[in-house]
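Letters A, B, ... mirror the listed sequences (proteins, then strands); counts begin at 1.
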Amino acid sequence: MNKLLKIEWLKVKNYTAFKLLSIFFCVGVVLINYAVYAINKNILANSTGGKLLASFNPYNFSNTWQSTSYTTGFLLVLPAMLLIILITNEYTFKTNRQNIIDGWSRNEFIMVKIIIAIIFAIISTLLVVLTATGFGLLSGSDFSLNQFSHVGFFFLKALTYNMFAVLIAVLIKKTGFAIGLYFIYLGTENFLSQMLDIASIKLKNYNGTDLGSMGDYLPMNAADGLLTFPDNPLKSLTRNILPTDYFWVVISLAIAYFILFVVWSRKKYLNADL
Amino acid sequence: MAILTVENISKNYGKIQALKAVSFSVPKGCVYGILGPNGSGKTTLLGIIMNVLKATSGTYKLFDEVATDAHRKKIGTLLETPNFYHYLSAVRNLKISAAIKEHGEEDIENVLNTVDLYKRKDSPFSTFSLGMKQRLAIGAALLGNPDVLVFDEPTNGLDPVGIAEIRILIKELSAKGKTIIMASHLLDEVEKVCTHVAILKQGSLLASGTVKDVFQESDIVQLAAADKEKLRCILAELNNFLRLDEVGGNLELSYESGTANLEEINRYCFDKGIVLSHLQIKKSNFESKFLELTN
C-alpha cells in the first residue's frame with residue numbers, strides 16, 4: 001500500500017487544484033471556527049439577553065470539541081470535491097486506463113482511492129483536533145477531553161462525505177456532473193430528512209409509535225445527525241441535549257452506509273469497462 | 001511458446017457485437033499485426049487483453065498462463081491514445097509509469113532520447129503536440145525494456161518522418177527478439193513491419209497466420225465480352241480458378257500465382273463462341289488481397 005500511496009503522491013503533489021483546495025480547506029477550518037468564536041465572544045457574550053447566554057462559551061473546554069467538529073463539518077464538501085476532481089480526472093484523461101495497462105490491478109487502483117478518502121478524513125480530523133485545542137486554550141479554560149467523542153462523530157462524517165464522493169466519482173466519471181450531483185444529493189437528502197422528521201413527529205402524535213428522527217437514517221444525515229452545536233444554557237432548558245434520539249441506531253447506520261459506499265465503488269470499478 | 005493466446009473472445013456493447021468469438025495465437029518473437037478497418041474491433045480486443053475492458057465471453061492467456069497483472073507489467077503498451085497527467089511533465093509522467101511497472105527510473109533518460117523528447121522532458125504534457133504525445137506514449141511502453149510490446153495505431157498523429165522513425169524502431173525492436181503486437185488500419189504499415197497478421201472485420205476474424213500465407217499472391221485475369229452473361233456462364237464451367245468476380249464491368253478470374261494461362265482461356269472462350277474484347281492479367285497486391293478478404 002505504501003508503494004501505491006507514493007505513486008498517488010507523485011500524481012497530486014504538483015496539481016494546482018490539489019494545492020489550492022487543500023490550502024483553502026486548512027485555512028477555512030481555522031477561519032470558520034474563528035468567525036464563530038469571535039461572534040460568540042464579541043456579540044453574544046456582550047448581549048443583554050441574559051447572564052445565562054453571556055456565560056456560555058462554545059470554545060471553552062470541553063465545548064470546543066463539539067463546536068469545532070460541528071462548525072468544520074460544513075467545510076467537508078471541500079475535500080469531497082477534491083476527491084471527485086482527482087478521481088474523475090483519471091477518467092477524463094484516461095490515466096486510470098494507463099495505470100491498469102502499466103500493471104496495476106483494478107483493485108489496487110480503487111483501493112488506493114478509498115485509502116486516500118480515509119487519509120483525507122484522518123487529516124481533516126487532526127485539523128479539527130488542533131483547531132479545537134487552539135481555540136480551547138485561547139478561551140482560557142482548562143484542557144479537558146470531555147466530549148471528545150464529537151471528534152469521533154466528525155471523523156465518521158468526514159469518512160461518509162469522502163466515501164460518497166468516491167462513489168459518485170466512480171459512477172458519474174465526469175467532474176462537473178459529479179460535483180453537481182453531489183451537491184444536489186446533499187440538498188435533496190436534507191429536504192427528505194426534514195420531511196421524514198415531520199412524519200416521525202406526526203406518527204408519534206398519532207399512535208405513539210416512536211421511530212426516532214427518521215431523517216437521520218438517510219446516508220449523509222446519519223453521519224451529520226451525530227454532530228450538533230453545543231446547546232447554550234437557554235436552549236438546553238428546552239430540549240434534550242442528545243445529538244439524536246437513537247444514538248446507536250444512527251451511528252450503526254452511518255458505519256453501514258460507509259461500508260456500502262466502499263463495497264459499491266469497488267464493485268463498480270472492478271467490473272466496468274474503463 | 002505463445003506470447004498471447006486468444007480463445008473465443010466476444011464483446012458486446014448492448015446490442016452491438018464488437019467481437020465475435022475471436023481466436024488466434026501470437027508466437028514469440030514475431031511482429032503480429034491486427035489489421036482491420038475502423039470499427040472492426042482491434043482496440044476492443046487489445047483493451048480486453050490489457051484489462052481495461054471486460055470480455056463478454058472467452059478467455060486469453062499471456063505467456064501461456066492465465067493472464068494476471070504481473071504479466072501485464074512485463075508488457076509495454078500504447079493503447080488507443082496517449083494517456084498521461086496533463087499537468088505533469090514528460091519525465092514525471094514516465095516516473096509514474098516506471099513506479100507502477102516497478103522499474104527503476106534509470107531508464108527514463110534513455111527512453112526520452114529514443115523517442116526524441118529529451119529536450120522537452122520538463123514541459124507539461126498538455127503543451128505537447130499530438131505527435132509528441134504519441135512519442136511519449138511509445139516511450140512509456142519502452143520503459144523497463146519489455147520483451148513484449150503492444151502498439152495500437154502507433155503512428156497516429158505522427159508526421160511522415162515520425163512514421164518512418166517508428167517503423168524503423170519497431171523493426172529494430174523486432175530484430176532484438178521482441179514480440180510486437182500491433183493494431184493498425186494501415187495496410188502499408190502492416191505490410192512493411194509485420195511477420196504475422198490477423199484480419200478483423202466487424203468483430204469477426206477473417207484470417208490469421210503469417211503475412212506470406214494470408215496475403216498469398218495470386219494472378220487475376222480480367223475479361224470482357226459483348227455478352228457478359230454468356231461469358232460468365234462459360235467461365236463458371238472452368239474448374240482451375242479460385243474465384244470469379246465482377247469488378248468495374250469486367251469479369252475477373254483469380255488463380256494461384258503463376259497458374260493463369262491467357263492463351264488457354266482465350267481459346268476456351270473462342271471455342272465456346274465468345275470473342276473477348278478485353279483480356280489482361282495482373283498480380284494481386286497487398287491492398288487488393290485485403291479488400292478481397294474484407295469485402
Side-chain angles (χ1 to χ4, degrees), chain A residues 1-22 82-83 85-113 115-116 169-170 173-176 266-274, chain B residues 11-14 18 43-44 46-56 62 67-89 91-103 105 122 124-126 133 136-137 140-141 143-144 146 150 152:
Chain A
M1 190 49 71
N2 206 21
K3 273 185 196 169
L4 304 187
L5 286 171
K6 274 184 187 168
I7 292 168
E8 285 299 310
W9 179 241
L10 283 176
K11 291 181 191 175
V12 300
K13 69 177 181 181
N14 291 302
Y15 187 37
T16 312
F18 171 74
K19 289 184 205 168
L20 281 178
L21 276 169
S22 302
L82 181 56
L83 275 167
I85 291 168
L86 292 178
I87 296 171
T88 51
N89 269 355
E90 300 263 18
Y91 282 101
T92 305
F93 299 105
K94 295 186 176 178
T95 43
N96 60 336
R97 288 168 62 114
Q98 190 63 40
N99 290 170
I100 304 296
I101 287 166
D102 284 340
W104 261 3
S105 67
R106 286 167 177 244
N107 189 48
E108 281 174 319
F109 184 90
I110 191 65
M111 285 315 288
V112 78
K113 300 297 179 198
I115 297 292
I116 288 172
V170 168
K173 301 175 187 176
K174 304 277 181 203
T175 311
R266 191 170 166 273
K267 193 176 176 194
K268 173 70 185 171
Y269 198 80
L270 293 185
N271 297 312
D273 285 339
L274 303 177
Chain B
K11 173 69 180 173
N12 298 345
Y13 293 108
T43 301
T44 300
L46 293 182
I48 289 168
I49 293 160
M50 297 319 296
N51 195 30
V52 295
L53 298 174
K54 293 281 179 184
T56 307
L62 289 170
T68 63
D69 299 304
H71 288 126
R72 269 180 280 275
K73 282 183 182 166
K74 294 189 213 164
I75 301 174
T77 304
L78 157 63
L79 189 61
E80 207 172 6
T81 50
N83 305 317
F84 292 103
Y85 297 91
H86 62 287
Y87 50 90
L88 293 180
S89 64
V91 75
R92 285 184 197 276
N93 269 300
L94 290 184
K95 278 182 181 179
I96 291 172
S97 286
I100 292 174
K101 290 179 177 186
E102 295 175 357
H103 293 305
E105 294 177 2
D122 294 318
F125 179 69
S126 57
K133 288 176 178 174
L136 182 63
L143 278 173
V150 174
D152 184 13

[X] side chain near [Y] side chain, heavy-atom distance below 4.5 Å:
X	Y	value
A:L10	B:R92	no
A:D102	B:K73	no
B:M50	A:I100	no
A:I101	B:R72	no

Working to the nearest 0.5 Å, report the span between [atom1] of [X] and [atom2] of [Y].
X	Y	atom1	atom2	result
B:N93	A:Q98	CG	CD	9.0 Å
A:W104	B:E102	CH2	CD	11.0 Å
B:L79	A:R97	CG	CZ	5.0 Å

Margin query: Main chain of B:N51, side chain of A:R106: is a donor-acceptor contact present, judged purely on distance under 3.5 Å?
Written below: yes
Notebook entry, point to check: Where does A:K11 contact chain B at under 4.5 Å (heavy atoms): side chain, backbone, both or neither?
Noted result: both
Check: If you count heavy-atom pairs under 4.5 Å between each of A:L4, A:N89, A:I7 and chain B, which one has the most?
Finding: A:I7
Notebook entry, point to check: Taking atom NZ of A:K19 as the centre, does the number of heavy atoms from other residues, nucleotides or ligands within less than 6.0 Å exceed 12?
Noted result: yes
Next item on the list: Evaluate whether atom NZ of B:K54 has more than 12 neighbouring non-hydrogen atoms of other residues, nucleotides or ligands under 6.0 angstrom away.
Entry: yes
Write down the atom of [X], the atom of [Y], and the distance for their closest heavy-atom approach.
X	Y	answer
B:F84	A:F93	O-CB, 4.0 Å
B:Y85	A:N99	OH-OD1, 3.2 Å
B:I100	A:G103	CG2-N, 3.9 Å
B:L53	A:L274	CD2-O, 4.2 Å

Item checked: A:D273/B:K11 salt bridge by N-O under 4.0 Å criterion -> yes
Checklist line | Selection from B:I96, B:V52, B:T68 maximising heavy-atom pairs under 4.5 Å formed with chain A | finding: B:V52
